[in-house]
*Asks:* 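Below you will find the structure I want to go over with you.
Computed from a prediction, not measured in an experiment: that's the story for all the values here. These values consider heavy atoms only, across backbone and side chains, with no hydrogens, waters or symmetry-generated copies.
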Amino acid sequence: MYSPPEEVETMSQFATVLRSRVDDAHQAMIAAQQAGHDYEVHLHSARLRDLLDLAARHDVDTTGWVDLTALDPTETA
């Protein structure tokens with residue numbers, strides 16, 4: 001399937017920003033875990049799941065971005 005160059009660039013920018021937000025949320029979750037803030041861990045885990053769902057809806061490959069087993073185990077898939 002052909003994609004105009006500007007569409008490819010826009011998707012690349014989208015994926016780059018999305019990756020940055022995933023990284024930020026992941027780091028915040030780790031910091032909350034280390035601080036023993038269970039509620040914040042839950043919130044950051046939920047944010048990570050939302051971002052990964054958004055990526056999946058837009059066919060962005062997130063393989064290797066986040067270890068899914070590290071997400072809040074109280075979350076349901």
*Asks:* Looking only at heavy atoms, which two atoms of A15 and V60 are closest? And how far apart?
*Replies:* CB-CG1, 4.1 Å
*Asks:* Output the distance between atom CD (Q33) and atom OG (S45), rounded to the nearest 0.5 Å.
*Replies:*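 So the gap between those two atoms works out to 8.5 Å.
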*Asks:* Can you name the closest pair of heavy atoms from V66 and H26 and give their distance?
*Replies:* CG1-CD2, 3.9 Å
*Asks:* Ignoring hydrogens, what is the shortest heavy-atom contact between H44 and A25? Give both atom names and the distance.
*Replies:*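 Reported closest heavy-atom pair: CB-O, 3.9 Å.
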*Asks:* Where do L51 and R47 land on the side-chain contact (heavy atoms from CB on, under 4.5 Å) test, with the steps shown first?
*Replies:* CA-CA 6 Å; L51 290 167; R47 177 67 177 147; 3.6 Å; yes
*Asks:* Compare every heavy atom of A55 with every heavy atom of L18, then report the nearest pair and how far apart it is.
*Replies:* CD2-CB, 3.3 Å
*Asks:* With D53, which residues qualify under salt bridge (charged side-chain N to carboxylate O under 4.0 Å, His left out), at least two apart?
*Replies:* none
*Asks:* Is there a path of hydrophobic side-chain contacts, each under 4.5 Å between heavy atoms, that joins V22 and I30?
*Replies:*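 In one cluster: no.
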*Asks:* Just verifying a value: how many Å separate R49 CZ and L54 CG, rounded to the nearest 0.5 Å?
*Replies:*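 The distance works out to 15.5 Å.
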*Asks:* Shortest non-hydrogen contact from M29 to L48?
*Replies:*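 Looks like SD-CD1, 4.0 Å.
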*Asks:* How would you list all residue pairs meeting ring-ring contact (aromatic ring centres under 6.0 Å, His included) that involve residues 46-65, not counting sequence neighbours?
*Replies:* F14-H58
*Asks:* Answer yes or no: are there more than 12 heavy-atom neighbours, outside R19 itself, under 6.0 Å from its atom CZ?
*Replies:*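 Check passes, neighbour count above 12.
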*Asks:* Just grab all the salt bridge (Lys or Arg N to Asp or Glu O under 4.0 Å) pairs involving residues 27-36, residues at least two apart or on different chains.
*Replies:* none
*Asks:* So, does T16 use its side chain to make a donor-acceptor pair with the main chain of S12 at under 3.5 Å?
*Replies:* yes
